[in-house]
Amino acid sequence: MADTLKFLLPEDRIPKAWYNVAADLPEPLSPVLHPGTGQPIGPDDLAPLFPMALIEQEVSQERWIEIPKPVRDVYRLWRPSPLYRARRLEAALDTPARIYYKYEGVSPSGSHKPNTSVAQAFYNREAGIKRITTETGAGQWGSALAFAGSLFDIEVKVFMVRVSYEQKPYRKALMEAYGAECIPSPSMETEAGRQILARDPETTGSLGMAISEAVELAATNDDTNYALGSVLNHVLLHQTVIGLEAMEQLEMAGDYPDVLVGCTGGGSNFAGMVLPFLGKKFREGTEVRVLATEPAACPTLTRGRYAYDFGDTGHLTPLMRMHTLGSNFVPPGFHAGGLRYHGMAPIVSHLQELGLLESRAYHQNPCFEAGILLARTEGILAAPEATHAVKGAVDEAVRCREEGVSETILFNLCGHGNFDMAAYSEYFSGNLDDRDYDPEALEAGLAGLPEMG
Ligand SMILES: *Cc1c(COP(=O)(O)O)cnc(C)c1O
């Protein structure tokens with residue numbers, strides 16, 4: 001019965017192509033540079049790390065890129081994801097606004113990340129790759145890639161930021177359930193890890209460090225590639241299924257958003273939702289406001305500098321022009337682990353520079369408070385990262401009440417928080433502090449930006 005329903009309902013409503021915003025940007029992106037020569041990199045520079053199909057997507061100017069059938073077949077397990085009208089949340093806020101949310105927590109690993117991990121595993125499999133290395137912060141990306149690896153018969157090795165490895169043992173168990181290996185980073189398994197530990201044996205780790213370790217293993221082994229869960233153009237591309245579906249679902253409801261809200265770590269779930277709407281704005285002039293929300297403790301868009309920087313601490317990656325806190329910035333260990341990255345997707349950074357998006361930073365207590373309000377009205381317990389989007393949407397709804405305007409708000413509920421109960425317990429016990437970033441650490445991080453000729 002369930003199978004029949006699945007067969008009858010959603011297949012044709014899964015997008016057949018991803019949307020590539022590069023085709024419609026009012027100004028082109030800045031090139032990615034080789035750290036040695038300072039010149040734009042070519043496909044050969046990336047070939048040790050990624051399959052050619054993904055490298056082509058990274059630089060493609062085609063507006064629509066077909067989603068391969070094996071990828072759509074996996075998407076069918078949870079796509080199209082639901083779009084809800086949050087009527088009880090609206091009532092609780094006494095707002096004239098209409099609030100909708102797209103819920104990506106229905107994926108097998110509980111967040112938006114399988115939208116890209118499945119595609120990346122597929123293209124690596126096609127290229128004959130046996131093993132993929134990666135990093136993970138909160139464990140969401142590691143478990144999403146572990147799931148995808150199990151479907152396409154690829155070994156997955158995950159370097160998990162040490163502070164999260166210790167705080168979130170169940171995410172590691174989930175990766176192992178999918179057959180992946182998960183080790184705390186920095187580790188003694190790589191040159192990059194050994195160097196970091198020699199300098200700072202007590203380090204909590206960071207995404208930048210874990211990326212260095214994963215990239216090093218991939219660059220030095222022929223049968224091994226690297227996969228990144230955010231930031232890069234092809235990752236944002238794969239996430240556009242979120243916005244494409246939401247646009248169609250809202251059309252069925254006879255509505256169109258005035259404002260879009262998403263949280264930003266590396267920018268992929270936010271971009272996945274907003275890029276199709278911005279594309280419509282670029283092509284047809286349909287106005288929409290977009291709001292990115294981030295943690296005050298790692299304020300990449302609101303406090304970072306727009307500059308060329310490395311993606312990792314060990315400086316193994318090419319240089320990307322993006323908002324950055326500096327590749328050596330180690331944010332404090334707050335609970336939205338997926339938002340602890342020093343950089344931001346070049347596409348998202350570029351859009352902010354062009355004045356096409358607004359950004360706002362929040363402390364974690366008000367975000368958890370908004371997450372609790374959502375749980376008590378809509379029933380879903382949001383991931384700590386996603387509570388930043390909930391908080392942004394709640395603030396917009398309150399503004400609508402104060403201004404007496406009835407706008408349509410759409411936010412992306414990018415993951416559930418069922419593995420984050422320790423964070424919620426700490427919130428309930430009043431133990432969470434609302435830390436800002438350390439101004440000295442930020443200054444030091446920015447001082448470490450590479451000099452560009
Ligand atoms: C990874 C993750 C994020 C941050 O990554 P983006 O690339 O900015 O989307 C946010 N929320 C959840 C639930 C995540 O798993």
Side-chain angles (χ1 to χ4, degrees), residues 34-36 45 48-49 131-139 141-142 155-169 171-172 175 180-222 224-231 265-266 297-298 300 304 307-320 324-334 337-343 435 437-451:
H34 191 284
D45 295 309
L49 298 182
R131 183 170 73 149
I132 300 179
T133 60
T134 196
E135 72 291 331
T136 196
W141 171 240
E155 233 181 274
V156 172
K157 183 171 178 119
V158 182
F159 291 90
M160 186 166 183
V161 176
R162 181 177 299 277
V163 59
S164 298
Y165 185 90
E166 283 158 9
Q167 278 175 356
K168 305 194 174 189
R171 275 282 165 196
K172 171 179 183 258
M175 289 177 233
E181 184 191 358
C182 173
I183 61 170
S185 167
S187 77
M188 294 299 284
E189 290 199 23
T190 64
E191 189 52 39
R194 287 189 289 273
Q195 281 182 13
I196 293 162
L197 286 172
R199 277 200 306 274
D200 183 5
E202 301 300 319
T203 180
T204 54
S206 70
L207 273 175
M209 294 176 195
I211 293 174
S212 293
E213 293 204 273
V215 166
E216 181 185 318
L217 272 196
T220 51
N221 291 282
D222 281 346
T224 304
N225 267 351
Y226 166 72
L228 193 59
S230 186
V231 178
C298 189
T300 317
Y308 272 100
D309 197 7
F310 293 97
D312 70 322
T313 309
H315 297 178
L316 301 172
T317 70
L319 294 163
M320 290 176 293
T324 176
L325 300 167
S327 61
N328 295 315
F329 181 80
V330 179
F334 57 89
L339 306 181
R340 288 180 78 238
Y341 185 56
H342 70 271
R435 251 184 295 181
Y437 60 95
D438 170 8
E440 277 172 30
L442 178 59
E443 209 171 299
L446 291 174
L449 286 175
E451 304 245 345

Atom pair CG (L228) and CD1 (I211), whose distance is rounded to the nearest 0.5 Å: 5.5 Å
Point-to-point distance, once rounded to the nearest 0.5 Å, from CD of E191 to CG of L217: 11.5 Å
Judged by atom type as modelled, is there a donor-acceptor pair below 3.5 Å linking the side chain of R340 to the main-chain atoms of L207? no
Look at atom CD of E443 and say whether more than 12 heavy atoms of other residues, nucleotides or ligands are closer to it than 6.0 Å. no
So do D200 and L197 actually touch side chain to side chain, heavy atoms under 4.5 Å? no
Side chain to side chain contact (heavy atoms under 4.5 Å, CB included) against P450, all qualifying residues, sequence neighbours excluded: D309, F310, L319
Could you tell me if the side chain of S164 sits less than 4.5 Å from the side chain of T136, heavy atoms only? no
Y165 OH to K172 NZ distance, which is reported to the nearest 0.5 Å: 3.5 Å
If you round to the nearest 0.5 Å, how far is CG of L446 from NE2 of H342? 11.0 Å
Listed by chain and number, what are the side chain to side chain contact (heavy atoms under 4.5 Å, CB included) partners of T224, not counting sequence neighbours? R131, T133, A218, N221
Taking all atoms of both residues into account, what is the closest heavy-atom pair of G137 and V161, and its distance? CA-CG2, 3.9 Å
Under a 3.5 Å cutoff, is there a donor and acceptor pairing between the side chains of W141 and T134? yes
Contact check, side chains of L49 and V215, non-hydrogen atoms, under 4.5 Å: yes
Who pairs with E189 by salt bridge (charged side-chain N to carboxylate O under 4.0 Å, His left out), at least two apart in sequence or on another chain? K157
Contact between Y226 and I132 at the side-chain level, heavy atoms closer than 4.5 Å - yes or no? no
Value for CD (E213) from CG (L316), rounded to nearest 0.5 Å, stands at 10.5 Å
Gap between atom CE of M160 and atom CE of M175 - 0.5 Å precision: 4.5 Å
Any side-chain heavy atom of D45 sitting closer than 4.5 Å to one from H34? yes
Do Y341 and E135 meet the criterion of a side-chain donor-acceptor pair at a distance under 3.5 Å? no
Do H315 and S327 have a side chain donor and acceptor closer than 3.5 Å? yes
Which atom of P35 lies closest to which atom of T317, heavy atoms considered: CG-O, 3.8 Å
